[in-house]
There are 2 protein chains.
Amino acid sequence: MLVEKAKSRDAENTKQAILDVAEKLFSEKGFSGVSVRDISEASGVSQSLIHHHFGSKHALYQEVKRRAIERFWHKWHARTSAITHRPNIIREGIETFYWFVRDNQTIMRLSCWACLEGDTDLWPGEKETMDFLAQEIAEAQREGILRNDIDPIMLTILIEAASFFWWQYRANLVKLFEGSGRSAGEIDCEYLQTITKILLCGVLTHQKQTSGSKEELH
Amino acid sequence: MLVEKAKSRDAENTKQAILDVAEKLFSEKGFSGVSVRDISEASGVSQSLIHHHFGSKHALYQEVKRRAIERFWHKWHARTSAITHRPNIIREGIETFYWFVRDNQTIMRLSCWACLEGDTDLWPGEKETMDFLAQEIAEAQREGILRNDIDPIMLTILIEAASFFWWQYRANLVKLFEGSGRSAGEIDCEYLQTITKILLCGVLTHQKQTSGSKEELH
DNA sequence: GTCTATATCCAGATAGAC
DNA sequence: GTCTATCTGGATATAGAC
C-alpha cells in the first residue's frame, strides 16, 4: 500500500486548523472585521483551500459559531453536573455561571457579535444551557426553598444578565472603582458576592417576606 | 450683499445629515460593516465631501459616538430629574433605566459594537449616568431604606445589567417563552416586574433580614 | 463647499496546475 | 487535497474642477 506523503494532506486536520484560527479572529474582530486573507495568513493555509473546504466566508463563519456553541454546551454540561444540589442551588448556579462566562470569553464575544449582526436563529445549545438552571430552580421552588411567585426562566435570565454584562463591559466597569485601591481581580470577586447577596436576599431593609406570597409590592 | 445660492451650501447642515445617516448605519452594522460609500449613497452626499468634513472613516465614527453619548447623557439627565425621591428610588430607578434602554436602542448598539471593538477610553457621559443612580442609592442607605452593606455602584451595575442584557438579547430571550401564549410586550413587562421583585426582596423564602446586617450568608 | 474622476489597494471567489 | 495565479468588484482616500 502507498504511504501518504505525510506533508499535510489531511483534510480533517486542515479544516480544524482553519476553524481554530477563524474562531479566534472572528471572536476578536467580528465577521466584517476579518478577511479570508487574514485567516489564510494566520493559519498558513491558502485562501482557495479555505474556500474549497467551506464554500464561502459566510459558511465558514456559521460553522465556527456552530462548533463553538456545541463545545460550550458540552463544557457547561460537564461543569454543572458537579453542582451539589438544594438548598444551595442558586448560590452555586450564580457562581458557576459567573466564572464559566469569564473562562469562555471567546464564545461570549462570538455570541455578542452574532447578536448585533441580527443572528437569532442559531444556538442549538443555548436553550438547553438555560433550561438546566431553570429546572433546578423550579425544583427548589417545589421544595419550598425559593419563593414560587417567580418564573424560573426569568430568574435564570437575570443570573445570566448579571454575569454576561460584567464580563462584557468589565474593562469599562472597573474604571468606576478607580481610587478605591482594589485590584480588578478583587472587584470581580466583590461583584460576585454582591450580586449573590442581592439575588438571594434583596436590597430592602426590614424586609419580612412570607413563603409563596402573592401580594403585590407597593 | 450677496445672497447665497441656497442650494445646500450649508456646511453645518451637511455635516449633521452625514452624522445622522452614519449613526444609523454604524449602529446597525458596526464600523467594519459599513462603507463610506454606503453613507454617501444613503445621505446623498458625495464620498469626497464626507472625507472633506471628517478626514477619515474612523474619525467620522468617533464623532458619531461622541455625539451619541452626549445626547444620551442629556436625555438621561432630563428623564431622571423627574424621578420622585425616596423611598421608591430603587423601583423608579429600575423602571426608568429599563424603558430608557428600550427607547435608546441606537446608542445601546453603538456602545455594544464599541465594546467589542475594544473601545474603552471614551464615554464622557457614561460615568455621570451611573453616578446619578449610585448617589441616590447611597442617600437611601443613609436614610435606612436600603441595606448599607452593598456598594451603591455595584447595585447600579446590576440594575444596568438586567436592563441592557434584556434589550440586547431580547429577540433570542422571548423565544424561551414560546408556547406560553404571551406576547413579546407582555414578556417585557413581566421581566421588569420580576427583576424589580428580586432586586428588592431577593429570591429566598423565610428570609428574615436585619437592617445593616453584617453576617455572612451561609 | 461640493462635485466628478480616479488612484490604489484589498476583498471574496474561481480556474486550473500539480 | 493543496497550491499559484487571477478575475472582478468594492474599499478608502485624494486630485482638481467649479
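To find a chain, count down the sequence lines: A is the first, B the second, and so on, and within it residues start at 1. Computation of the quantities below employed the complete heavy-atom set of this structure, encompassing side-chain atoms and omitting hydrogens, waters and symmetry-equivalent molecules.
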Could you check whether [X] pairs with [Y] (Lys NZ or Arg NE/NH1/NH2 to Asp/Glu carboxylate O, under 4.0 Å)?
X: Arg66(B); Y: Glu63(B); answer: yes
X: Arg109(A); Y: Glu28(A); answer: no
X: Glu178(A); Y: Lys175(A); answer: no

Practice prompt. Quick one, give me the B/S/- string for nucleotides 8-17 of chain D, reading 5' to 3', where B means a protein heavy atom under 4.0 Å from the base and S means that only happens at the primed atoms, P, OP1 or OP2.
Written response: --SBBBBB--
Rounded to whole Å, how long is the line connecting atom [atom1] of [X] with atom [atom2] of [N]?
X: Ile50(B); N: dT2(C); atom1: CD1; atom2: P; result: 12 Å
X: Leu49(A); N: dT4(D); atom1: CG; atom2: P; result: 11 Å
X: Ile18(A); N: dG1(D); atom1: CD1; atom2: P; result: 11 Å
X: Phe54(B); N: dG1(C); atom1: CZ; atom2: C1'; result: 13 Å

Fill in: Arg67(A)/Glu70(A) under salt bridge (Lys or Arg N to Asp or Glu O under 4.0 Å): CA gap, chis, key distance, verdict
CA-CA 5 Å; Arg67(A) 195 186 66 143; Glu70(A) 188 182 83; over 6 Å; no
Discussion item. On a heavy-atom basis, which atom in Ala140(A) and which in Ile89(A) lie closest, and how many Å separate them?
Written reply: CB-CG2, 3.9 Å
Practice prompt. Classify the angle between the aromatic ring planes of Phe164(A) and Phe97(A) as parallel (below 30°), tilted (30 to 60°) or perpendicular (above 60°).
Written response: tilted
Item to complete: State, without any angle test, whether Glu12(A) and Gln16(A) hold a side-chain donor-acceptor pair at a distance under 3.5 Å.
Response: yes
Worksheet item: Looking at residues 39-46 of chain A, who's got a heavy atom less than 4.0 Å off DNA chain C?
Response: none
Discussion item. Under 6.0 Å between ring centres: does that hold for Phe100(A) and Trp76(A)?
Written reply: yes
